[in-house]
2 protein chains.
Amino acid sequence: MTKPLRRDAEINRQRILKAAQEVFAARGVDVMLDDIAHHAGLGVGTVYRRFPTREDLVEALFDTRLEEIVGWAEDGLRHADPWTGLTEFVERATAAMAADRGLRDIAFSRAYGRRRVAEIREMLAPRVEALVTRCQEAGVVRADAAGVDLVLTQFMVAALLEYAEPIAPGLWRRYLTLLLDGLRFGTTPLPVPPPEVENMDRIAENWRPPRRPSAD
Amino acid sequence: MTKPLRRDAEINRQRILKAAQEVFAARGVDVMLDDIAHHAGLGVGTVYRRFPTREDLVEALFDTRLEEIVGWAEDGLRHADPWTGLTEFVERATAAMAADRGLRDIAFSRAYGRRRVAEIREMLAPRVEALVTRCQEAGVVRADAAGVDLVLTQFMVAALLEYAEPIAPGLWRRYLTLLLDGLRFGTTPLPVPPPEVENMDRIAENWRPPRRPSAD
DNA sequence: AAATAAGTGGAGGAACATCCTCAACTAATC
DNA sequence: GATTAGTTGAGGATGTTCCTCCACTTATTT
């Protein structure tokens, strides 16, 4: 029942989406909507007319991005070699997050993406855990690891990205390798149990790095 | 030549230091000075009179804390077993940072501690690197690791602390173990070189997690 | 015990940051 | 050319943080 937009309005809508995508990628999801408008070469009012809340922009931009990541997890589970399946997934997911700070926000925080995006995000954790379990069954991941450990691992690497990626792009691969080697070859008994699922959620949901200044 | 403070003023000075220590530990070094005053049961004016800038509080509180950590590194270097020397140092340092968010700020960021504290901080990195080198010479740390890798490792764990420690205290031990196991037993060739010292500085200096809300 | 000097409190002004509306304007479509 | 849809961006509303200022209190000196 929604009338189609006027031609110029539709063009502007696309421009806003493109601008939002770029600004979110560079500076995270909680940039000022004014900055997105400016980056799109439009007035603030136009952005607010088309996307009354930040949430609308998030939902319009990130559902497919997250679905993509879920898809990678499923690829990994389908891979003949469990360990390669796991590492290829982690590499792809981290590379995507390295290139897009907004995606990190969406993947971890619960402050954004309350509708469809939240649903998809929820599909991620169980699949990631399955990747680990599958490796353990094949004996290529230490037995005392847990599914959630991979999530926390990703979390730590995401934090590193936050600070290091703009300065030393790609450095994350080094430390991801270190962590994965720990998962694979480590023998020192892990001294405390993994977090309960519920706590895991509470940890990730606090994800909220400081606002990055606009370049201007 | 500085006159001694009036008796009540000296007492209040101590109160402020105690309050600052506690509030910094709980919520980091960039809390509002108003909060410290309130926590000390004093007026804001009193705090500003005694410590005109946040920097003065930082310098008064953190130089011995950092010296302590430097001392631990030296203990580690003196330990008969290089690997135990390394792990004991990392454990102690991380435990201290887990208990004090202000200490994390001081140890990593360059936004605080510009005088004596900065000097001490600078003594830390070379000693940490020596701990690693010593282990490599003994063959108990992978040869392709670098001294700075331990610093980045600490950095990642510090980021984890930021989010996880209030919810799952002590969880960091699990992931520190994983990382150290990676350093020790890992065999996957590290895919990118470690950061230049100069970049290392630029990464750490950006440390600035979001402000934590006061509990009131 | 009065005089003096030192110290205190905390309301509130200044400087910002962020959000989002709205009335005057412009452009597309019929 | 009339009608309707869309755009604009200055600026009001709100919030945050810092830090000063001066009427007041308390210690110390004489």
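Atoms considered below: every heavy atom in the structure, side chains included; atoms not considered: hydrogens, waters and symmetry mates. These numbers come from a predicted model, not from an experiment. A note on names: the letters A, B, ... follow the listed sequences, proteins ahead of strands, and every chain is numbered from 1.
OP1 or OP2 of C:dG9 has at least one side-chain nitrogen or oxygen of B:T46 nearer than 4.0 Å. An OP1 or OP2 oxygen of D:dG6 is reached within less than 4.0 angstrom by a side-chain nitrogen or oxygen of A:R49. Put simply, A:R50 has a side-chain N or O that comes within less than 4.0 Å of OP1 or OP2 on D:dT7. Proximity of B:K3 to the phosphate of C:dA6: a side-chain N or O atom is located under 4.0 Å from OP1 or OP2. Side-chain nitrogen and oxygen atoms of B:N12 include none within less than 4.0 Å of the OP1 or OP2 phosphate oxygen of C:dG7.
Put simply, CZ on A:R7 is 17 Å from C1' on C:dT26, counting in whole angstrom units. B:I11 has its CD1 atom 11 Å from the C1' atom of D:dA27, to the nearest Å. Following rounding to the nearest Å, B:I16 (CD1) and C:dG9 (P) show an atom-to-atom distance of 9 Å. The nearest whole Å value for the distance from the CD atom in A:E55 to the C1' atom in C:dC19 is 16 Å. As a whole-Å value, the separation of A:F51 CZ from D:dT7 P is 11 Å. Atoms CD (A:E10) and C1' (D:dA5) sit 14 Å apart, rounded to a whole Å. For the pair A:I36 CD1 and C:dT18 C1', the interatomic distance rounds to 14 Å; values are reported in whole Å.
Residues B:E162 and B:R212 are paired through a salt bridge, judged by an N-O separation under 4.0 Å between the basic side chain and the carboxylate. Ion pairing of B:E10 with B:R7 is absent here, as no side-chain N (NZ or NE/NH1/NH2) approaches a carboxylate O to less than 4.0 Å. Between B:R114 and B:E59 no salt bridge is recorded (no basic side-chain N to carboxylate O distance below 4.0 Å). With respect to the salt-bridge test (charged N to carboxylate O, under 4.0 angstrom), the residues A:E119 and A:R115 do not qualify. Between A:D30 and A:R54 there is no salt bridge, since no side-chain N of the basic residue sits under 4.0 Å from a carboxylate O of the acidic one.
Atom-to-atom distance recorded for B:M200:CE and B:F155:CZ is 7.0 Å, nearest 0.5 angstrom. Atom CD in B:E196 sits 11.0 Å away from atom CZ in B:R202 (nearest 0.5 Å).
If A:G43 and B:L5 are placed on DNA chain D by their nearest nucleotide, the residue sitting closer to the 5' end is A:G43.
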Produce a footprint string for nucleotides 14-26 of chain D: one letter per nucleotide, 5' end first; B if the base is under 4.0 Å from any protein heavy atom, S if only the sugar-phosphate is, - if neither.
---SSBB-----B
